[in-house]
Amino acid sequence: MQTINSLLKIVSDVLGAVAMLFLAFLVFGTTLDVLVRAITGSPITGVFEFTELALVMVVFLGAGWAQRDDAHIRVTVLTEKLSPAIRARIVALAWAVGALGLLMLAIPATHEAIYSVSIREYRWGYVKIPIWWTKASMATGLWFAFIQMAIQSIQLFLFGEPAQKKQASPDFH
């Protein structure tokens, strides 16, 4: 299991780093576009269109970091009252349901990505922007999140919560 977790960490780090590059573009590109628009009265061509795609990349490629670090929002008011063994099984079931939901999104996203890549799909805004690579990246992010959640569900069900998580208490109830 340690090998699988190490591999998941490496993949989530790579996808997360790519997501952060797109986030940097969102911050700097949008700021520069606003400044140029204020000075010249015209936007930088293509920044708006590329910003839409960058948002998709940040969400779907950055989700692995949030999953790995438990940085997502959750409500534990009911599960914290359960014994550790029962809590681990219920949380494992919740992760399994989440993984199933991601699988239901990943399959059609993959079909759409394959078609989009095959026709080198693009869309017109103010400029012609290729979107096939974004659809392929979104499908990749969905598949990775599915695998990550499914493995977390199996690990929780079989081995319970890791020691450091058993002792951690949530900040909000």
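Here the structure is a predicted model, which is why all the values come from computation and not from measurement. Worth knowing before you read on, the calculation uses all heavy atoms, side chains too, and leaves out hydrogens, waters and symmetry mates.
A distance of 7.5 Å separates OG1 of Thr140 from CG of Leu15, quoted to the nearest 0.5 Å. Note: Ile151 CD1 to Leu156 CG = 12.5 Å, rounded to the nearest 0.5 Å.
Considering every non-hydrogen atom in both Asn5 and Gln155, the closest pair reads OD1-NE2, 2.9 Å. Of all the heavy atoms in Gly46 and Val127, the pair that sits closest is CA-CG2, 3.6 Å. The shortest non-hydrogen separation linking Ala113 to Ala139 is CB-CB, 4.1 Å. Minimum heavy-atom separation, Gly160 to Ala88: CA-CB, 3.7 Å.
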Given the rule in the side-chain hydrogen bond (donor to acceptor under 3.5 Å, both in side chains) test, do Thr79 and Arg87 qualify, once you have shown the distances and angles that lead to the verdict?
CA-CA 6 Å; Thr79 57; Arg87 179 176 52 243; 5.8 Å; no
Pair Arg120-Val117, side-chain contact (heavy atoms from CB on, under 4.5 Å): steps then yes or no:
CA-CA 5 Å; Arg120 295 285 190 239; Val117 168; 3.4 Å; yes
After noting the C-alpha distance and the side-chain angles of Tyr115 and His111, does the key distance pass the side-chain contact (heavy atoms from CB on, under 4.5 Å) rule?
CA-CA 6 Å; Tyr115 176 71; His111 293 300; over 6 Å; no
So Gln67 and Ser12, side-chain contact (heavy atoms from CB on, under 4.5 Å) or not? Walk me through it.
CA-CA 9 Å; Gln67 170 67 22; Ser12 71; over 6 Å; no
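Using a 4.5 Å heavy-atom threshold, the side chains of Ile131 and Tyr122 count as separate. Using a 4.5 Å cut-off on side-chain heavy atoms (C-beta onward), Trp132 and Lys135 make no contact. Proximity of Met149 to Leu100: side-chain heavy atoms (C-beta onward) are nowhere separated by under 4.5 Å. Within the 4.5 Å cutoff, the side chain of Leu93 has no heavy atoms near those of the Phe157 side chain. In this structure, the side chains of Phe48 and Pro43 stay at 4.5 Å or more apart for every pair of heavy atoms. Leu103 is listed as a side-chain neighbour of Phe146, based on a closest heavy-atom distance under 4.5 Å. Using a 4.5 Å cut-off on side-chain heavy atoms (C-beta onward), Ile107 and Leu142 make no contact.
Pairs passing the salt bridge (charged side-chain N to carboxylate O under 4.0 Å, His left out) check and including a residue from residues 146-159, sequence neighbours excluded, do not occur. For the salt bridge (charged side-chain N to carboxylate O under 4.0 Å, His left out) condition, the pairs that include at least one residue of residues 1-12, sequence neighbours left out, are Lys9-Asp13.
When the side chains of ILVMFWY residues are joined at heavy-atom separations under 4.5 Å, either directly or via intervening members, Ile4 and Trp143 end up in a single hydrophobic cluster. Leu82 and Val91 sit in two unconnected hydrophobic clusters of ILVMFWY residues. Membership requires side-chain heavy atoms under 4.5 Å apart, directly or through other members. Tracing side-chain contacts under 4.5 Å through hydrophobic residues (I, L, V, M, F, W, Y), one never reaches Val14 starting from Met138; they form parts of separate clusters.
Looking only at distances, a side-chain donor or acceptor of Ser153 sits under 3.5 Å from a matching main-chain atom of Ala92. The backbone N or O of Pro84 sits nowhere less than 3.5 Å from a side-chain atom of Glu161 that would complete a donor-acceptor pair. Without hydrogens or angle criteria, Gln152 side chain to Trp95 main chain gives no donor-acceptor distance under 3.5 Å.
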Considering only distance and modelled atom types, tabulate donor-acceptor pairs under 3.5 Å from the side chains of residues 18-38, sequence neighbours left out.
residue : atom : partner : partner atom : Å
Thr30   : OG1  : Leu26   : O            : 2.7
Thr31   : OG1  : Val27   : O            : 2.6
Asp33   : OD1  : Ile44   : N            : 2.7
Asp33   : OD2  : Arg37   : NH2          : 3.1

Please tabulate, one pair per line, all N/O donor-acceptor pairs under 3.5 Å involving side-chain atoms of residues 50-63, not counting sequence neighbours.
residue : atom : partner : partner atom : Å
Thr51   : OG1  : Val47   : O            : 2.6
Glu52   : OE1  : Arg123  : NH1          : 2.4

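With sequence neighbours excluded, no residue satisfies side chain to side chain donor-acceptor pair (under 3.5 Å) with Thr134. By the side chain to side chain donor-acceptor pair (under 3.5 Å) test, Ser116 pairs with Glu121, sequence neighbours left out.
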